[in-house]
Every structure is written in C-alpha cells, then in structure tokens.
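Quick notes on the structure that follows.
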There are 2 protein chains.
Amino acid sequence: MKSSDMPLDIDQIIKKSQEVCTLAGAKLTDKRKNVLIVLLAAATPLSAYEIVERYKTHFHEALPVMSVYRMLDFLIQEKLVHKLETSGQYMSCAHITCEHQHETPQFLICDRCGSVKEIGIKQHIIAELERSIQSTGFTLAHQQLELHGICEHCQIKPQ
Amino acid sequence: MKSSDMPLDIDQIIKKSQEVCTLAGAKLTDKRKNVLIVLLAAATPLSAYEIVERYKTHFHEALPVMSVYRMLDFLIQEKLVHKLETSGQYMSCAHITCEHQHETPQFLICDRCGSVKEIGIKQHIIAELERSIQSTGFTLAHQQLELHGICEHCQIKPQ
DNA sequence: TCTGCTATGATATAACATAACATAAGAAAT
DNA sequence: ATTTCTTATGTTATGTTATATCATAGCAGA
Ligand SMILES: [Zn+2]
Ligand SMILES: [Zn+2]
Ligand SMILES: [Zn+2]
Ligand SMILES: [Zn+2]
C-alpha cells in the first residue's frame, strides 16, 4: 500500500519538483526525473538496485546502479527523496507539493507490508526528546526518526 | 570515548552475563563470551568485520565472520548486545548488570567521534510518540530509537 | 558406543555502497 | 562556429555488510 491513501498526481509533483530545482539553481534532468517517477509510483521504499530494475521496466532503458546512487544523492539534496537509514531504501518525499518548508521527517515503517508513511515530527515531541536527554550533555542533530510498527491496513487484515 | 564515563568492570559484567544465559537455558560459550568481551572493550560500536579483526588481535585466534554473525545473533537474543540499524554496527548493552528488566533502548550516536550512549527511553516519551501518531492508525512496535547528534565531549573539543 | 543436538567452520553469493577515471552533453566565452 | 569549462553520466573495480548452504566438531543422553 502506498502510505498516503490519497491518489498521487505524479505530473503535478514532477512539475513542482522542476520548480524546486530551478529555484535552487539545479537541474532535474530527464533521468533524475525518471528515477523520481519510479519512486513516486512505488508502494514501498526501494533499494538502489530495485530502482535499476523498475527503471528498466518502466522506461526500457538500462541505468547503471552507480548513476542511480548519484541521482539519489541529488534528489536527497533537493529534499525530493529520503533515505531510510534502517533499511538502506529510498522513497519520494510525501510533501513535495506542500508549500511549507520541509520539517524534520518521521517515518512510520510497517514491518508487515513494508509501506512507509512520512509525517512531519511534532515540535513538542522534539522538545520532549531534547528535555529527556538534557542531562547527558548530548545535542541532537535533527535528522529523522524511523519508527517501526504495524500500519492501519495490516492491523485489520488477518496475519 | 566509551559512552559511559564509568570504568567498566568487564569481569563482573561477564559473570552476570553467564547468569543471564544460564537462567534462559542458553550457553555462553567461550567464543561467544570473547565476542562480548571485544564489544565491552570497544569505545564505539563495531561492525562484524571489525569484531573479527579485534578478536584476532585480542585472542590470537581467527574467527570466521559467519560465526561472528551467529554469535551476535545469540548475544542480541539474550539482550547482551544491541544492533544499531542506522550503521550496521553492534555494541554491548550498557545495562547488563542492572537488575531491572531491559527497557526500550534509545541510542545517542555522536556523529563526530562515533561513541554511542544507551539510555532507557522515558515512558512519557513513548506515550507522547504514540499520541502524536494516533490519528494515523499506526501501532508502534517498541524497538529502539537511534538519535544522532554531538556528544558532550565533542562539544567542548574544537572541531 | 550410538544417536541426536548444538555450535562452529568453510565456501559461496547476495545486497548495499563507494572510488576512480573516462566520456558525453550542454552552457558560456571567444 | 569553435573552443573551453562544467556538469552529468558511463564504466570498471572494489569495498562493506549480510545471508545461504552444507560440512564438521563437540558434547549430552540413551
Ligand atoms: Zn519529506
Ligand atoms: Zn502494513
Ligand atoms: Zn541495552
Ligand atoms: Zn563525540
């Protein structure tokens, strides 16, 4: 299951992505765009090697995995894609078309079906986390939170 | 830097580990024990391959990486060792000698020196997290939280 | 001793990621 | 239009993390 239950308008997201890149003085080349499309069309995060396979299927063109890693680096820099550190997989940002600035992301990873829902982390959670570790002298870098569990759909389904 | 600033009494931890295993009907063999000792003596988490190297240095005996993975599986099952999912590294549990049951662990990972401090996650943080995702229908599995940042020591040191 | 179980060894391979250098494609300057 | 520079992509090799599979050793109980 795609984590968002809303149907995606890929064309619109790509259009917005173009704008984001142009604004940043970066170029969303055709291949970078196609990699993003593969991720947008996927129901779950994909590894770089899975992207190679799907790219081949979708676009009838081979893409070296080395290039995929570089394109992912680019897309991550532009915050169009995120990397899940706990699984080494990549997924498109769920908030590309949102106007607001990108917040610290929080990922809800379903351990049964593999779907991932990205939500912005609530400010008060960050504040609580910081308060709870204050005594350790540790300073948080706001990267991302990856939480594992069972998604809504998988809960109502039989095992 | 070892994350805990307290000097470790490795002998005492090993003794307790023996007890934990015996109680669980499991055997802490010499090799498993030695792998644990390597981790206890390390200042930072180690990869399985790094454990192989250090094992060789400490004990003048080669250990196949395959065996290390199996011993890590065993030690993780007995909660004597944790795996950091964000880096594929392993570290000894900081609470082996504690009497209380093992809580959901939270790891503060220093991105400058690589040290990791393990603390039990506060109940109210879990409650807050659960409340914040309630509307998504997602049910958290209490695995572990890996937080990145800068540790106390690295903050006072020049870059 | 025989039997069966658990631990470990050995080998191969899968899966994820980076390094280094070559070529192509496009923009800017001449 | 040609040269030059830069950026994007291709190619090959290798490093790193993890699993699969089958063989052997060691040990406990019948
Ligand atoms: Zn995002
Ligand atoms: Zn699910
Ligand atoms: Zn622990
Ligand atoms: Zn540090």
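Convention: sequence-line order gives letters A, B, ...; per-chain numbering from 1.
In this entry the distance linking OH of B:Tyr55 with P of C:dT8 reads 9 Å, nearest Å. Nucleotide C:dA15 holds its C1' atom 11 Å from the CD atom of A:Glu53, rounded to whole Å. Between the CD atom of B:Glu50 and the C1' atom of D:dA18 there is a distance of 15 Å, given to the nearest Å. D:dT19 atom P lies 7 Å from atom CG of B:Asp73, rounded to whole Å. Straight-line distance from the CD1 atom of A:Ile51 to the P atom of C:dA15: 16 Å, rounded to whole Å. When rounded to the nearest whole Å, the span between OH of B:Tyr69 and P of D:dA20 equals 13 Å. A:Lys83 places its NZ atom 13 Å from the C1' atom of C:dA15, with the value rounded to the nearest Å. At whole-Å resolution of the value, CG in A:Asn34 and C1' in D:dT9 are 14 Å apart.
The structure places CD1 of B:Ile126 at 4.0 Å from OG1 of B:Thr104, a figure rounded to the nearest 0.5 Å.
The B:Tyr90 side chain lies nearest to D:dA18 when the options are D:dA18, D:dA8, D:dG10. Minimum atom distance to the side chain of B:Ser47 is reached by D:dT17, of the listed D:dT17, C:dT8, D:dT11. Here the side chain of A:Met71 is nearest to one of D:dT17, D:dT21, D:dT9, namely D:dT9. Proximity note for B:Leu63 (side chain, C-beta onward) versus D:dT12, C:dG9, C:dA17: the nearest is C:dG9. When the nucleotides C:dT18, C:dA10, D:dT9 are ranked by their closest atom to the side chain of A:Lys31, D:dT9 comes out on top.
Residues B:Cys151 and A:Phe138 have side chains in contact (heavy-atom distance under 4.5 Å, counting atoms from C-beta outward). Side-chain atoms of A:Leu129 and B:Leu145, non-hydrogen and from C-beta on, do get closer than 4.5 Å to each other.
In this pair, A:Tyr49 lays its aromatic ring flat on the base of C:dC16, centres within 5.5 Å and planes under 30 degrees apart.
The pair B:Glu152-B:Lys117 does not meet the salt-bridge criterion, since no charged nitrogen lies less than 4.0 angstrom from a carboxylate oxygen.
Across all strands, A:Arg70 comes closer than 4.0 Å to base atoms (heavy-atom distances). When heavy atoms are screened at a 4.0 angstrom cut-off, A:Pro64 is found touching base atoms of the nucleic acid.
Across the interface with DNA chain C, nearest-nucleotide mapping of B:Val65 and B:Lys27 shows B:Lys27 to be the residue nearer the 5′ end.
Under the 3.5 Å distance criterion, with hydrogens and angles disregarded, no donor-acceptor pair is assigned to the side chains of A:Gln89 and A:Ser47.
Between D:dA8 and A:Ser67, no contact under 4.0 Å exists linking OP1 or OP2 to a side-chain N or O.
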